[in-house]
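Before any comments, here is the structure.
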2 protein chains.
Amino acid sequence: MTEVPARERLMDAAVEAFAERGFHATTTRDISTRAGMSPAALYVHHASKEQLLYEISSAGHLNTRHMLADAYASTADPVARLATMQFEFTKWHAVHSKRARVVQYEISALTPEHRREVAGHRRDIERIYQDAIREGADKGVFEIEDVPGTALALISMAIDLVRWYQPDGPRTPDSVAQLYADLALRAVGARTA
Amino acid sequence: MTEVPARERLMDAAVEAFAERGFHATTTRDISTRAGMSPAALYVHHASKEQLLYEISSAGHLNTRHMLADAYASTADPVARLATMQFEFTKWHAVHSKRARVVQYEISALTPEHRREVAGHRRDIERIYQDAIREGADKGVFEIEDVPGTALALISMAIDLVRWYQPDGPRTPDSVAQLYADLALRAVGARTA
DNA sequence: GTCTATACCTTGATAGAC
DNA sequence: GTCTATCAAGGTATAGAC
């Protein structure tokens with residue numbers, strides 16, 4: 001029985017607290033208490049409250065960007081590709097709904113430098129969606145007029161899920177992911193067999 | 001030349017500040033300074049910082065709920081109805097993107113009582129979307145398996161817009177609204193003439 | 001209704017013992 | 001690496017003069 005290191009316990013506690021109350025409403029006392037430590041112990045493992053947020057945010061963005069790149073590379077068929085992307089992206093937001101809430105909604109609490117870095121990851125994610133949609137349109141399997149706008153709409157569907165999703169509610173991550181993948185294909189006017 | 005009353009100036013200043021930094025990162029000094037007053041003057045016109053947020057949030061929710069009810073009642077044709085609803089709902093979020101950001105993302109900063117009240121308005125809004133989608137499905141003009149899930153997806157598209165929309169960017173409220181109305185009709189599998 | 005001044009509290013972060 | 005104790009700063013809200 002391996003114990004969870006204090007550093008990770010603090011990160012998990014921070015995710016919970018930031019997701020429930022938001023970064024600015026969360027105190028370092030709240031985080032350290034949730035992790036079963038004194039307020040001072042936090043600073044042995046993390047430089048500051050903002051640094052803790054940055055670690056969570058950065059990891060989350062890298063994670064989803066990587067996941068989408070994999071989904072993109074998994075096939076050359078535009079329909080299967082976009083379906084896989086939307087399925088995986090949606091599922092991630094449902095499975096990690098608390099973490100995702102922090103990743104998506106607390107960017108403004110980052111330092112300008114950290115915010116710029118994260119903004120770069122977001123542009124990468126948008127670009128992957130745009131590429132997937134554009135290729136489908138070029139091959140004539142999608143019917144699209146506004147590629148960047150449509151990309152934003154699909155991304156929005158998946159991300160906004162964290163505003164309402166309840167892990168103990170009736171919807172499983174797979175069921176929402178399947179629904180949103182279907183809706184995405186319809187939205188791009190995918191030719192069905 | 002009528003002057004804007006101090007009470008309204010403070011509300012406008014609060015919208016700006018809450019939208020830029022979030023409720024908890026905004027100070028009463030920030031709000032009152034933006035409105036051209038001392039910190040103490042705020043409390044002559046509003047009982048507290050939370051009350052100010054509640055007024056903004058309540059008005060925004062009533063506004064959008066009313067707008068959707070009007071759009072719903074404007075026609076009996078399911079296709080035109082849903083298109084109008086999505087157009088108006090999206091356009092509102094683009095035109096009032098700052099206000100909408102506060103309305104949609106700062107609910108957790110409300111008192112439990114105020115939060116409950118606002119949650120009721122949100123349920124009403126969801127229900128209007130569900131009714132519009134269900135009727136289209138019943139009449140055979142939409143092809144829908146999951147009515148509540150599809151409603152959430154369409155609402156999410158419009159709401160998440162406030163996370164990225166820039167008033168001085170290339171997209172006008174009307175252009176985004178038109179795009180999202182089109183995407184909504186496709187997503188529900190609307191029969192086109 | 002506006003101001004200046006301030007009470008009172010909580011915050012992020014540190015010091016120093018163990 | 002953990003704790004207790006604490007600091008300096010900044011927060012909401014109020015008091016009281018004008």
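On a predicted model such as this, the values are computed, not experimentally measured, just so you know. Throughout, a chain's letter reflects where its sequence line sits, starting with A, and its residues are numbered from 1.
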*Could you check how far CG of Asp30(B) sits from P of dT12(D), rounded to whole Å?*
9 Å
*Summarise protein proximity over nucleotides 7-18 of chain C in one line of letters, 5' to 3': B for base, S for sugar-phosphate only, - for none, counting protein heavy atoms closer than 4.0 Å.*
----BBBBB---
*asked:* With a 4.5 Å cut-off on side-chain heavy atoms, are Pro78(A) and Arg81(A) touching?
replied: no
*With the side chain counted from C-beta on, respond yes when Arg21(B) and Asp30(B) share a heavy-atom pair under 4.5 Å apart, and no when they do not.*
yes
*May I have the distance from His45(B) (atom NE2) to dT14(D) (atom C1'), rounded to whole angstrom?*
16 Å
_Whole angstrom value for the distance that separates C1' of dT12(D) from CZ of Phe18(B)_ = 12 Å
*Please examine the side chains of Val102(B) and Phe23(B), heavy atoms only from C-beta on, and report whether any two atoms are closer than 4.5 Å.*
no
*Find the distance Glu3(A):CD to dG1(D):P and express it as a whole number of Å.*
13 Å
*Residues that Phe142(A) engages under ring pair (Phe, Tyr, Trp, His ring centres under 6.0 Å), provided they are two or more places apart*: none
*Taking only residues two or more places apart in sequence or in another chain, which ones pass ring pair (Phe, Tyr, Trp, His ring centres under 6.0 Å) with Tyr54(B)?*
His114(B)
*Test the Arg171(B)-Tyr165(B) pair against the cation-pi criterion, namely NZ or CZ under 6.0 angstrom from the six-membered ring centroid and within 45° of the ring axis.*
no
_Gap between atoms CE and P, on Met37(B) and dG1(C) respectively (whole Å)_ = 9 Å
